[in-house]
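Indexing begins at 1, ligand by ligand and atom by atom, following the structure's order.
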Amino acid sequence: MASKITDLKAREIIDCRGFPTVEVDIWVDGEFSGRADVPAGRSTGKREAVELRDGGKRWGGQGTLKAVQKVNQVIKPELLGLDPTAQRKVDELLCELDGTENKANLGGNATIGVSLALARAGAKTSGLPLYKYINSNAHVIPVPLVNLINGGMLTSNDLEIQEFIVMPIGAENLKHGMQMCYEINFILHDLIVEKYGKIAVNVGDEGGFAPPMTGINEPMETLARAVEASGYADEIVYGMDAAASHWYDWEKGVYRMEGQEMSREEVIEMYVNLCAKYPVGSIEDPLMEDDFEGHAILTEKLEGVQIVGDDLFTTNLKFIKQGVEIGAANAILWKSNQVGTVTEALDAAEFAYQAGYGVQVSERSGETEDTAIADFSVALNAGQIKTGTTRSERTGKYNQLIRITEELGPKAVYAGKNFHRPI
Ligand code: PEP
Ligand code: MG
């Protein structure tokens, strides 16, 4: 007899920043079968699915009891009795129940919690690990994008650019790559202490150092010194999440870096110069999120560099299509809670692949101990994952990838230099 969803329960839990978030449990045929925690962004794109927060005084307005109530009272009665492996059907039902373009009714945090928990329940019902349940041909182990210097909205320093990243593309495997990145981080620690004092090695939301730097040259030079000293210079390329919408002056229509106003052309020139000086493999959100045309110009200018759309695309087919039409960026950042269901996010990745774009699976700055994105990065054969540096809600994902590598045995292929299009 086919399995059935017999119970569903959401609760409010706490994320790594101390904000409430949603956790969803699912039971199949009377047995506990799956759990998912919902992550949250801080440097969010304006086209993301709506995150339902309670407002008012409790938890400074950040409570998620409304979203919990949507799961327990609106979604649950519709799901009872359904097949836990019918992911697409259930996700379509969630979209229908919501009835808006951006999950404004149920809340993207309610729908993605249910959708991710269902994926776990479907995997358990099928007797498979999550990555294999999503894709029986899952075998590519991603290159980690480890963001060693943090700025933007994820820190309390004045560094405009959000993430300065190393990508160990020359490593033999993921674990070797992790070793390289953390050895570089140990050296970087000492360089930062030497120049800025010990308070400067406090870390940002994603576990990278948040020193009192500004602009693009100071962090890049410091990072490059650490990389040189590590002996891994030939094995890594640099990455960056510029998160440019957050240093764009929306009123004046200019970018602002180190007190200087910059035009789009000047910002593009800044990246061109940077890429001439350093081996840069990937730049995310180099320009503000409405400038599809500027992203197309930059993508063409920086041939060979991966240009990733995060706030630009918000894992949403509609905006990815808009970008693909004019060649804006050549990769998407993949965050399933930006769109609100697993199926919509998987469809977005599929479309991106068909268009020749890469897919970079990503953490949110507000994470939990849930490691599902590690499984999804392998399921998508994405070849790349961005999931922070230190702090257990980040390293948990790397540790899960180490386990998956072991499980896959000789079938596992480390994406390495092919991170942009591994298959
Ligand atoms: C990002 O911008 O890529 C990021 C991970 O931050 P957030 O989750 O705050 O959007
Ligand atoms: Mg980003």
Checklist entry - OH/Tyr196 to CZ/Phe209 distance, rounded to the nearest 0.5 angstrom? => result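 Nearest 0.5 Å value for the OH-CZ distance: 13.0 Å.
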Item to check | Geometric N/O contact Gln162 with ligand 1, under 3.5 angstrom | outcome: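 Yes.
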Next on the checklist: Can you confirm, on distance only, whether ligand 1 has an N/O atom lying under 3.5 Å from any N/O atom belonging to Ser43?
Outcome noted: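 By distance alone, the answer is yes.
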Does any N, O or S atom of [X], backbone or side chain, fall under 2.8 Å from the Mg ion (ligand 2)?
| X | result |
| --- | --- |
| Asp241 | yes |
| Glu163 | no |
| Asp310 | yes |

Item to check | Candidate pair Asp241 and Lys386, rule salt bridge (charged side-chain N to carboxylate O under 4.0 Å, His left out), full reasoning | outcome: CA-CA 10 Å; Asp241 179 2; Lys386 185 177 85 152; 3.2 Å; yes
I need the atoms of ligand 1 closer than 4.0 Å to a non-hydrogen atom of [X], numbered in the order shown.
| X | value |
| --- | --- |
| Leu333 | 3 (O) |
| Asp310 | 1 (C), 2 (O), 3 (O) |
| Lys386 | 1 (C), 3 (O) |
| Glu363 | 5 (C) |
| Arg42 | 7 (P), 9 (O) |
| Gly41 | 7 (P), 8 (O), 9 (O) |
| Asp241 | 1 (C), 2 (O), 3 (O) |

Checklist entry - Taking everything shown except Lys57 itself, do over 12 heavy atoms lie less than 6.0 Å from its NZ? => result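 At most 12 heavy atoms, drawn from other residues, nucleotides or ligands, come within 6.0 Å of this atom.
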Checklist entry - Just wondering, more than 12 heavy atoms not from Ile14 lying within 6.0 Å of its CD1? => result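 Atom CD1 in Ile14 is not crowded, with 12 or fewer foreign heavy atoms closer than 6.0 Å.
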Checklist entry - Tell me the salt bridge (charged side-chain N to carboxylate O under 4.0 Å, His left out) pairs involving residues 106-124, sequence neighbours left out? => result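 Sorted pair list: Glu31-Lys124, Arg120-Asp370.
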Checklist entry - Of all the non-hydrogen atoms in the protein, which one sits nearest to atom 7 (P) of ligand 1, and at what distance? => result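 Of the protein heavy atoms, Ser365 OG, 3.5 Å lies nearest.
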Item to check | Distance from atom 5 (C) of ligand 1 to nearest protein heavy atom, with residue and atom | outcome: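 Protein heavy atom with the smallest distance to atom 5 (C) of ligand 1: Glu206 OE2, 3.1 Å.
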Item to check | Trace of the salt bridge (charged side-chain N to carboxylate O under 4.0 Å, His left out) decision for Arg256 with Glu160 | outcome: CA-CA 8 Å; Arg256 259 180 216 293; Glu160 299 87 348; over 6 Å; no
Item to check | For Asp98 against Leu106, the heavy-atom pair lying closest together | outcome: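 Result for this residue pair: OD1-N, 2.8 Å.
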Checklist entry - So, for Ala210 and Thr155, which heavy atoms are closest and what is the spacing to 0.1 Å? => result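 Closest pair (atom of Ala210, atom of Thr155, distance): CB-CG2, 3.6 Å.
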Next on the checklist: Please give the atom name: the N, O or S atom of Glu284 nearest to the Mg ion (ligand 2).
Outcome noted: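 It is OE2, the N, O or S atom of Glu284 closest to the Mg ion (ligand 2).
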Item to check | Minimum non-hydrogen distance to atom 4 (C) of ligand 1, winning option of Arg364, Lys335, Gln360, Glu367 | outcome: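 It is Lys335 whose heavy atom sits nearest to atom 4 (C) of ligand 1.
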Checklist entry - With a 4.0 Å heavy-atom cut-off (strictly under), which part of Met153 contacts ligand 1: side chain, backbone, both or neither? => result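 For Met153, there is no contact with ligand 1 at all, from either part.
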Checklist entry - With a 4.0 Å cut-off, would you call Arg391 and Glu367 a salt bridge? => result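 Not counted as a salt bridge, because no side-chain N and carboxylate O are separated by less than 4.0 Å.
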Item to check | Arg364 and Glu48 ion-paired at < 4.0 Å | outcome: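 A salt bridge is present here (some side-chain N lies under 4.0 Å from a carboxylate O).
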Next on the checklist: Run Lys132 and Glu407 through salt bridge (charged side-chain N to carboxylate O under 4.0 Å, His left out) and show every step you take.
Outcome noted: CA-CA 11 Å; Lys132 213 177 268 181; Glu407 251 172 50; over 6 Å; no
